Amino acid sequence: MDIILLGPPGAGKGTQASRLEQERGMVQLSTGDMLRAAVKEGSPVGLQAKAVMDAGELVSDAIVSGIIGERLDKLAPGTGAIFDGYPRTVAQTESLDEILAERGRSLDYVIELKVDEEALVDRIVGRFTCAKCGAGYHDKYNLPKVEGTCDVCGSQEFKRRPDDNAETVRTRMAEYRAKTAPILPIYEARGLVRRVDGMGEIDAVTQEIKAILDEKG
Ligand code: AP5
Ligand code: ZN
């Protein structure tokens with residue numbers, strides 16, 4: 001089963017994708033994570049992407065569609081993909097159609113996380129992740145069970161994203177409204193969109209998504 005998690009910055013795409021990964025054996029394909037890894041490595045893609053990401057703007061369609069195709073080819077046969085942060089433009093939806101068709105795959109659902117924009121700045125500015133395993137946390141909503149220690153790997157080092165400041169978040173939201181929201185009608189016309197209340201507790205959101213996935217058994 002292949003699904004897209006769609007929603008503005010801070011909607012909870014990454015949080016929910018990593019839960020589905022753990023509970024359903026699907027694989028999270030986050031273009032944001034892939035680009036951040038490329039920046040860290042200092043690869044040619046990373047060098048091109050860094051300034052664009054730090055400004056909160058979108059990296060070129062060709063770069064992200066290229067990395068998604070490569071990553072999909074590495075999945076073990078029969079593994080479902082969770083697209084997190086991709087596609088983000090109408091051109092990317094067209095690329096994804098081709099990428100999936102070439103591999104004999106197709107989309108089962110586009111799950112839209114509906115959220116209240118005012119809450120998003122708070123969610124993003126409070127976000128931090130484990131520096132070792134990448135597990136995601138929040139200063140108010142999702143603290144590690146033992147203070148200062150990652151629940152997943154026990155590391156005591158955490159980090160914050162350079163684009164997680166109030167000013168850049170506003171640019172990221174404007175990009176979402178202008179370039180990403182227009183992809184919804186495309187998937188609506190195909191009957192693939194399901195809406196989930198992204199303002200609920202993290203667990204409640206996961207339950208709602210799992211109930212949708214269970215519709216197909
Ligand atoms: P990307 O990494 O995709 O960032 P984003 O879309 O801005 O999304 P976020 O990661 O900020 O939010 P999220 O929805 O995953 O929320 P999370 O689960 O962490 O992209 C970064 C940049 O890369 C882009 O700006 C662009 O430059 C580039 N890029 C990436 N993909 C691209 C593409 N396809 N095309 C072009 N450019 C691309 O949750 C946020 C916080 O809230 C966390 O702390 C979490 O603990 C907390 N939280 C989550 N759910 C809840 C809840 N229900 N209640 C309370 N708190 C919650
Ligand atoms: Zn960890």
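None of these values were measured; they are calculated from a predicted model. Remember, it's 1-based here, ligands and their atoms both numbered in the order they're listed.
- Between Asp139 and Arg160 a salt bridge is recorded (basic side-chain N to carboxylate O distance below 4.0 Å).
- Atoms of ligand 1 found under 4.0 Å from any heavy atom of Tyr141, numbered from 1 in the order shown, are 55 (C), 56 (N).
- Contacts between Tyr176 and ligand 1, counted as non-hydrogen atom pairs separated by less than 4.0 Å, are absent for every part of the residue.
- The distance from the CD atom of Glu102 to the CG atom of Asp97 is 11.0 Å, given to the nearest 0.5 Å.
- Considering backbone and side-chain N/O of Gly12, one or more are found under 3.5 Å from N/O of ligand 1.
- With hydrogens left out, the protein atom closest to atom 44 (O) of ligand 1 is Tyr137 O, 2.9 Å, a heavy atom.
- Counting only heavy atoms of the protein, atom 25 (O) of ligand 1 lies nearest to Arg172 CG, 3.8 Å.
- For Arg127, a nitrogen or oxygen atom sits less than 3.5 Å from a nitrogen or oxygen atom of ligand 1, counting backbone and side chain alike.
- The distance criterion of under 3.5 Å between nitrogen or oxygen atoms is met by Gly85 with respect to ligand 1.
- Using a 4.0 Å cut-off between charged side-chain N and carboxylate O, Arg194 and Glu215 make a salt bridge.
- Listed by atom number, the atoms of ligand 1 under 4.0 Å from Gln92 heavy atoms are 33 (C), 34 (N), 35 (N), 36 (C).
- A cation-pi geometry, defined here as NZ or CZ lying under 6.0 Å from the six-membered ring centre and within 45° of its normal, holds between Lys216 and Tyr109.
- Below 3.5 Å of separation, one finds an N or O of Gly10 facing an N or O of ligand 1.
- To the nearest 0.5 Å, atom CG of residue Leu6 and atom OH of residue Tyr86 are 13.0 Å apart.
- Separation of atoms CD1 (Ile111) and CG (Leu213) is listed at 5.0 Å; rounding is to 0.5 Å.
- In this structure, Gly136 does not count as a contact residue of ligand 1, since none of its heavy atoms falls inside 4.0 Å of the ligand.
- Using a 4.0 Å cut-off between heavy atoms, Leu113 makes no contact with ligand 1 at all.
- Counting heavy atoms closer than 4.0 Å to ligand 1, residue Val59 contributes atoms from both its backbone and its side chain.
- When only interatomic distances are considered, the shortest N/O to N/O separation between Asp163 and ligand 1 does not fall below 3.5 Å.
- Using a 3.5 Å distance cut-off with no hydrogens or angles, the side chains of Thr89 and Asp61 do pair a donor with an acceptor.
- Contacts between Gln16 and ligand 1 below 4.0 angstrom, taking non-hydrogen atoms only, are absent altogether.
- For Gly200, a nitrogen or oxygen atom sits less than 3.5 Å from a nitrogen or oxygen atom of ligand 1, counting backbone and side chain alike.
- With the Zn ion (ligand 2) at the apex, Cys130 SG and Cys133 SG define an angle of roughly 110° (rounded to 10 degrees).
- Using 4.0 Å as the threshold, Gly198 has a heavy atom nearer than that to some atom of ligand 1.
- The existence of a salt bridge linking Glu188 and Arg195 is confirmed by a sub-4.0 Å separation between a basic side-chain nitrogen and an acidic carboxylate oxygen.
- Taking CD of Gln28 as the reference point, atom CG of Leu5 lies at 8.5 Å (rounded to 0.5 Å).
- If you check which protein heavy atom lies closest to atom 26 (C) of ligand 1, you get Glu57 O, 3.3 Å.
- Distances shorter than 4.0 angstrom occur between a heavy atom of Arg36 and an atom of ligand 1.
- Using a non-hydrogen distance threshold of 4.0 Å, Arg161 registers as a contact of ligand 1.
- For atom 23 (O) of ligand 1, the nearest non-hydrogen atom of the protein is Met53 CE, 3.3 Å.
- Polar contact check, Arg88 against ligand 1: a nitrogen or oxygen pair lies under 3.5 Å apart.
- Rounding to the nearest 0.5 angstrom, the gap separating the CG atom in Leu20 from the OG1 atom in Thr15 is 11.0 Å.
- Residue contacts with ligand 1: Gly7 is excluded, as none of its non-hydrogen atoms falls under 4.0 Å.
- Contact annotation: for Thr15 versus ligand 1, heavy atoms closer than 4.0 Å belong to both the backbone and the side chain.
- Residue, atom and distance of the protein heavy atom nearest to atom 29 (N) of ligand 1 are Leu35 CD1, 3.5 Å.
- Shortest contact from atom 31 (N) of ligand 1 to any protein heavy atom: Thr31 OG1, 2.7 Å.
- Interface atoms of ligand 1 facing Asn142, defined by a heavy-atom separation under 4.0 Å, are 46 (O).
- Annotation: side chain of Thr206 is in contact with side chain of Gln16 (closest heavy-atom distance under 4.5 Å).
- Classification of Glu112 and Lys13 as a salt-bridged pair fails, no side-chain N sitting under 4.0 Å from a carboxylate O.
- Asn142 places a side-chain N or O within donor-acceptor distance of the main-chain N or O of Gly136, the cut-off being under 3.5 Å.
- When each atom of ligand 1 is checked for a heavy atom of His138 under 4.0 Å away, the hits are 44 (O), 46 (O).
- Some N or O of Lys13 is nearer than 3.5 Å to an N or O of ligand 1, by distance alone.
- Salt-bridge check for Glu175 with Lys179: passed, with a basic side-chain N closer than 4.0 Å to an acidic carboxylate O.
- In terms of modelled atom types and a separation under 3.5 Å, the side chain of Ser43 and the main chain of Val39 share no donor-acceptor contact.
- Where the criterion is an N or O separation shorter than 3.5 Å, residue side chain and backbone included, Ser30 fails it with respect to ligand 1.
- The N/O atoms of Gly14, backbone and side chain alike, include one that comes under 3.5 Å of an N/O atom in ligand 1.
- Salt-bridge check for Asp2 with Arg105: passed, with a basic side-chain N closer than 4.0 Å to an acidic carboxylate O.
- Tested against Asp164, the residues Lys159, Arg127, Arg36 include a single salt bridge (Lys or Arg N to Asp or Glu O under 4.0 Å) partner, Arg127.
- Looking at Asp214 and Arg24, a side-chain N of the basic residue comes within less than 4.0 Å of a carboxylate O on the acidic one, giving a salt bridge.
- Of the protein's heavy atoms, Arg123 O, 3.5 Å lies nearest to atom 41 (C) of ligand 1.
- Using a 4.5 Å heavy-atom cutoff, the side chains of Met26 and Glu21 are not in contact.
- Heavy-atom distances between Gly126 and ligand 1 stay at or above 4.0 Å for every pair.
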